[in-house]
Amino acid sequence: MTDAPQSYLDPIVVRGRITREQPKGLPVVNLGFNELPYGPTPKVAVALEAMMPRVYAYGTPYCDALRDALGQANGLDPETIICGNGSEELLDVIARNFARAGDEILISAFGYIQFEMCARRQSATIVKAPEADFTTDVDALLGAITERTKLLFLANPNNPTGTLLPLSEVERLVDHVPPHIPLVLDLAYGEFVDDAYCDAVHTLARNRVNVIVTRTFSKAYGLAGLRVGWAHVPKDMLPGLYAARGMGSVNAVAQAAAEAALQDMAVVNMRVAETISERERVAGVLTQRGLRILPSRTNFLMVTTGDAAQTEALVVHLFEDAGLVVTRTREAGLEDWMRFSMGTPEQNDLLLASVARFLEEG
Ligand SMILES: *Cc1c(COP(=O)(O)O)cnc(C)c1O
């Protein structure tokens with residue numbers, strides 16, 4: 001399906017935090033933005049404190065030490081890495097490099113909302129390839145390529161569905177997208193799959209002229225507020241991407257914190273493991289209670305009661321009953337669903353108890 005060209009004046013609603021008061025005066029817990037529920041890891045806390053007296057100084061524009069650390073951690077040449085103010089900046093920089101008004105940007109039907117926002121900023125046409133079972137369909141994507149396709153974005157695992165495309169399918173996509181079309185593989189949730197999967201995706205990209213892999217410190221590393229993302233990029237693309245990126249877009253404090261996070265992998269990995277085990281626990285209980293849940297490889301679940309109005313009522317109930325904010329997916333085809341990330345085990349218990357009250361009250 002192809003949407004009509006959209007104007008950049010046509011606003012996409014950016015979801016905000018709920019600001020209305022929690023009616024029972026309960027603390028409000030936001031599970032709607034896929035954030036991690038933990039404070040800084042010990043080494044990140046030390047780095048933040050150490051940076052405090054030095055906030056008058058600019059960070060290095062090319063994030064040299066951070067790129068070296070990322071190269072080392074991921075077995076990549078640091079000269080193929082660019083950092084950004086969150087990976088969202090890099091997605092936008094990529095769109096600005098490769099798409100103009102009237103060009104087509106191809107995504108999967110339930111692809112990440114920011115891909116569409118990038119397309120709209122360029123007045124590019126977003127083309128959505130149908131999915132099978134809420135999972136990217138490689139043949140549908142390949143079949144939707146036209147001579148106007150200038151860019152393909154794929155988040156894997158995907159947000160909001162949480163579903164994962166097996167590596168063999170990613171490989172088939174990489175092999176069949178024509179080399180003149182940049183293919184962006186967004187691995188924002190890669191750490192929740194495993195290191196082997198991430199390494200394999202980087203390996204797929206390594207010798208191609210058109211494949212970009214994006215990563216972020218916002219999800220598994222729990223540093224969303226500091227805004228650090230990075231991309232593994234074919235070298236030829238780097239001058240154009242740097243030209244479109246803000247010079248000081250990754251601030252000095254954020255660079256230091258991200259470097260420190262890479263030194264704290266034991267803690268990061270423990271948190272990822274706890275998140276995955278909580279996800280499976282919550283999914284198990286909700287399935288038993290009759291809700292439908294998509295198989296997630298991320299830190300969040302997409303869930304439905306099977307009915308749009310009832311899901312809407314559950315979203316309202318969770319806020320009014322327990323102070324829990326979840327995201328109601330409103331994208332076409334996802335009207336029946338809601339999405340929420342894993343909190344601490346206690347917050348997840350709160351959610352399960354509140355869902356139980358909702359279902360018992362009918
Ligand atoms: C959260 C998310 C990002 C990361 O955004 P940042 O700008 O790095 O915070 C990128 N892609 C997807 C699919 C996401 O869900």
Side-chain angles (χ1 to χ4, degrees), residues 12-17 30-37 84 86-92 94-95 105-120 126 128-129 131 133-137 141 152-166 169-170 183-193 197-198 201 212-225 227-231 272 275-276 278-279 282-283 293-304 311 315 325-343:
I12 283 188
V13 177
V14 177
R15 299 184 182 105
R17 296 196 185 252
N30 190 331
L31 303 177
F33 289 171
N34 301 349
E35 298 155 339
L36 230 59
S87 50
E88 79 170 314
E89 182 189 34
L90 296 170
L91 299 173
D92 191 63
I94 291 163
I105 295 181
L106 179 56
I107 65 173
S108 194
F110 303 123
Y112 183 41
I113 188 78
Q114 292 230 40
F115 301 153
E116 195 160 348
M117 294 165 87
C118 290
R120 290 195 182 200
I126 197 85
K128 298 182 179 182
E131 299 197 2
D133 268 342
F134 299 100
T135 307
T136 301
D137 178 338
L141 273 177
L152 201 168
F153 279 123
L154 176 65
N156 187 42
N158 183 50
N159 175 10
T161 54
T163 53
L164 178 76
L165 201 54
E169 285 296 283
V170 179
L183 165 60
V184 179
L185 300 173
D186 178 342
L187 264 182
Y189 300 96
E191 294 84 355
F192 297 103
V193 185
Y197 189 92
C198 296
V201 172
I212 300 174
V213 182
T214 60
R215 308 283 299 266
T216 183
F217 283 90
S218 298
K219 304 289 158 60
Y221 292 88
L223 298 178
R227 317 301 304 124
V228 192
W230 60 281
V272 167
T275 302
I276 292 171
E278 281 296 289
R279 183 191 73 208
V282 170
I293 300 177
L294 291 186
S296 168
R297 299 303 298 272
T298 64
N299 67 330
F300 61 85
L301 291 169
M302 200 166 90
V303 173
T304 182
T311 300
V315 170
V325 178
V326 304
T327 293
R328 177 87 170 79
T329 49
R330 297 179 195 282
E331 292 90 337
L334 299 182
E335 296 89 346
D336 291 356
W337 299 81
M338 58 183 234
R339 188 205 71 204
F340 59 91
S341 55
M342 294 309 107

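Atoms considered below: every heavy atom in the structure, side chains included; atoms not considered: hydrogens, waters and symmetry mates.
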Evaluate the side-chain contact (heavy atoms from CB on, under 4.5 Å) criterion for residues Phe110 and Glu131: first the C-alpha distance (whole Å), next the side-chain angles of each, then the deciding distance (0.1 Å), finally the verdict.
-> CA-CA 8 Å; Phe110 303 123; Glu131 299 197 2; 3.4 Å; yes

Do Tyr197 and Asn156 meet the criterion of a side-chain donor-acceptor pair at a distance under 3.5 Å?
-> yes

May I ask you to check whether Tyr189 and Asn34 show a side-chain donor-acceptor distance below 3.5 Å?
-> yes

Less than 4.5 Å apart, side chain to side chain, heavy atoms only: is that true for [X] and [Y]?
X      : Y      : result
Val193 : Pro157 : yes
Leu185 : Ile212 : no
Leu152 : Ile107 : no
Gln114 : Asp92  : no
Thr304 : Leu334 : no
Thr136 : Leu141 : yes
Glu88  : Met117 : no
Met342 : Leu301 : yes

Which pair of heavy atoms, one from [X] and one from [Y], lies closest together, and at what distance?
X      : Y      : answer
Ala220 : Val272 : CB-CG2, 3.8 Å
Gly111 : Asn158 : CA-OD1, 3.7 Å
Phe134 : Met302 : CD2-CE, 4.5 Å
Thr329 : Pro160 : CG2-CB, 4.0 Å
Ala231 : Thr214 : CB-CG2, 4.0 Å
Ile293 : Ala283 : CD1-O, 3.4 Å

Given side-chain contact (heavy atoms from CB on, under 4.5 Å), test Asn159 with Thr298 step by step and report yes or no.
-> CA-CA 8 Å; Asn159 175 10; Thr298 64; over 6 Å; no

[X] bridged to [Y] by N-O distance under 4.0 Å:
X      : Y      : answer
Glu191 : Arg215 : yes
Glu335 : Arg328 : no
Lys219 : Glu35  : no

For [Y], does its backbone N or O pair with a side-chain atom of [X] as donor and acceptor, under 3.5 Å?
X      : Y      : result
Thr135 : Asp133 : yes
Ser218 : Leu223 : no
Ser87  : Trp230 : no
Ser341 : Leu31  : yes
Thr311 : Met338 : no
Thr327 : Gly32  : yes
Asp186 : Ala188 : yes

Just jot down the side chain to side chain donor-acceptor pair (under 3.5 Å) partners of Asp336, sequence neighbours excluded, or say none.
-> none

Is NZ or CZ of Arg339 both nearer than 6.0 Å to the six-membered ring centre of Phe300 and within 45° of the ring axis?
-> yes

Given Val184, which of Leu154, Leu90, Ile94, Val213 fulfils the side chain to side chain contact (heavy atoms under 4.5 Å, CB included) condition?
-> Ile94

Hey, mind stepping through Leu36 and Asn299 against side-chain contact (heavy atoms from CB on, under 4.5 Å) and telling me if it holds?
-> CA-CA 8 Å; Leu36 230 59; Asn299 67 330; 4.1 Å; yes

Assess the pair Phe153 and Tyr112: is the distance between their ring centroids shorter than 6.0 Å?
-> no

Show the numbers, then the answer: is there a side-chain contact (heavy atoms from CB on, under 4.5 Å) between Lys128 and Leu106?
-> CA-CA 6 Å; Lys128 298 182 179 182; Leu106 179 56; over 6 Å; no

